[in-house]
Trainee: 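Before anything else, here's the structure in question.
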Amino acid sequence: MSKYVDIPSIYQRFPDNLDVPDRLLELLEWFHETINDEAGWFPEFVGKSLHGYCSPIDISPYFGTFNSLGDGSVLAYWYYEGCNVQNPPVVILGSEGDVGIVASSIEEFVARLLRGRFPSPHAVWAPRLLNFYLCSDYSWLEKLEAWAGQCWNLTPQKIQELISSSPEENHPNLQEWMDHKFNSQN
């Protein structure tokens, strides 16, 4: 059992009207059972409050946070109007106000983790995703690939397809969406 996974906090930080997606729960359980706490620091799978992120605007009804990257940045599901609430995009909300779409789905996020290939490699937020590779025991990557292949049918071919896609093309522009929300409520 890993100290880096706090599933109850994720339930607490999800929008009230939405369930935590089953695939995320499966992934969290896997990390909880697999991550070696003695191998060094690992980004925490926790729900974080978004209070004050876009102060005075409350953006928490649109995001379900599930990972803290250690510098105040979080990974979250983005529940924009019209998105697939069963499989919303994974986004980063940076500690400096920078934002970006990391993956179109949790499966794509796992594929990108496995290959270390994230979209927008030159974005301000991109280096924060490298925090997943700071621990000294990289066996979790091989174990994750085996698990994802068995449980999610995430084959090497499917992984390649997913990391070759551009998640920004499948969703609204997150920065523009944030700017619109901020400007429309001021």
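Residues take their numbers from the sequence shown, with the count starting at 1.
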Trainee: What's the shortest heavy-atom distance between Ala126 and Pro121, and which atoms?
Mentor: CB-O, 3.4 Å
Trainee: Test of understanding: with ring-ring contact (aromatic ring centres under 6.0 Å, His included), list the residues that count as partners of Tyr11, not counting sequence neighbours.
Mentor: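 Partners of Tyr11 under the ring-ring contact (aromatic ring centres under 6.0 Å, His included) test: none.
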Trainee: Restricting to pairs with a member in residues 116-125, which pass salt bridge (charged side-chain N to carboxylate O under 4.0 Å, His left out), not counting sequence neighbours?
Mentor: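 Sorted result for residues 116-125: empty, none.
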Trainee: If you take all heavy atoms of Ile101 and Pro89, which pair is closest and at what distance?
Mentor: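 So the two residues come closest at CG2-CB, 4.4 Å.
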Trainee: Verify whether the ring centers belonging to Tyr77 and Phe63 lie closer than 6.0 Å.
Mentor: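 Ring-ring flag for Tyr77/Phe63: false, centres at least 6.0 Å apart.
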Trainee: Evaluate Gln175 against Asp98 for side chain to side chain donor-acceptor pair (under 3.5 Å), listing each step before the verdict.
Mentor: CA-CA 8 Å; Gln175 185 63 60; Asp98 47 317; over 6 Å; no
Trainee: Return the minimal non-hydrogen interatomic distance between Trp78 and Trp177, and the atom names on each side.
Mentor: CZ2-CG, 3.5 Å
Trainee: When hydrophobic residues are tied together by side-chain contacts of less than 4.5 Å, even through go-betweens, does Leu69 share a cluster with Leu113?
Mentor: yes
Trainee: Mind checking ring-ring contact (aromatic ring centres under 6.0 Å, His included) for Phe45 and listing every partner two or more places apart, or none if nothing turns up?
Mentor: Phe31
Trainee: Quick one: salt bridge (Lys or Arg N to Asp or Glu O under 4.0 Å) partners of Arg112, sequence neighbours excluded?
Mentor: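 Arg112 satisfies salt bridge (Lys or Arg N to Asp or Glu O under 4.0 Å) with Glu108 once adjacent residues are dropped.
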Trainee: Please set out all donor-acceptor pairs under 3.5 angstrom arising from side-chain atoms of residues 154-163, sequence neighbours excluded.
Mentor:
from: Thr155; atom 1: OG1; to: Lys158; atom 2: N; distance (Å): 3.1
from: Gln160; atom 1: NE2; to: Ser164; atom 2: OG; distance (Å): 3.1

Trainee: Just so I know, are the side chains of Tyr4 and Asn67 near enough to count as touching, which here means a heavy-atom distance under 4.5 Å?
Mentor: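 SC-SC contact between Tyr4 and Asn67 ruled out.
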Trainee: If I compare all heavy atoms of Ser73 with all of Ser95, which pair ends up nearest, and what's the gap?
Mentor: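 Answer, listing the atom of Ser73 first, then Ser95: OG-N, 2.9 Å.
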Trainee: If you compare all heavy atoms of Trp140 against all heavy atoms of Phe132, which two are closest, and at what distance to 0.1 Å?
Mentor: CZ2-O, 3.2 Å
Trainee: For Val102 versus Leu75, what's the shortest heavy-atom pair and its separation?
Mentor: CG2-CD2, 4.1 Å
Trainee: Look at the aromatic rings of Tyr79 and Phe14 and report parallel, tilted or perpendicular, splitting at 30° and 60°.
Mentor: perpendicular
Trainee: Are Val85 and Leu18 close enough that some pair of their side-chain heavy atoms sits under 4.5 Å apart?
Mentor: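 Yes, close enough: below the 4.5 Å cut-off.
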Trainee: Mind checking what makes salt bridge (Lys or Arg N to Asp or Glu O under 4.0 Å) contact with Asp71, not counting sequence neighbours?
Mentor: Arg128
Trainee: Could you give me the CA-CA distance, side-chain angles and deciding distance for Val110 and Leu27, then say whether side-chain contact (heavy atoms from CB on, under 4.5 Å) is met?
Mentor: CA-CA 9 Å; Val110 168; Leu27 180 64; 3.8 Å; yes
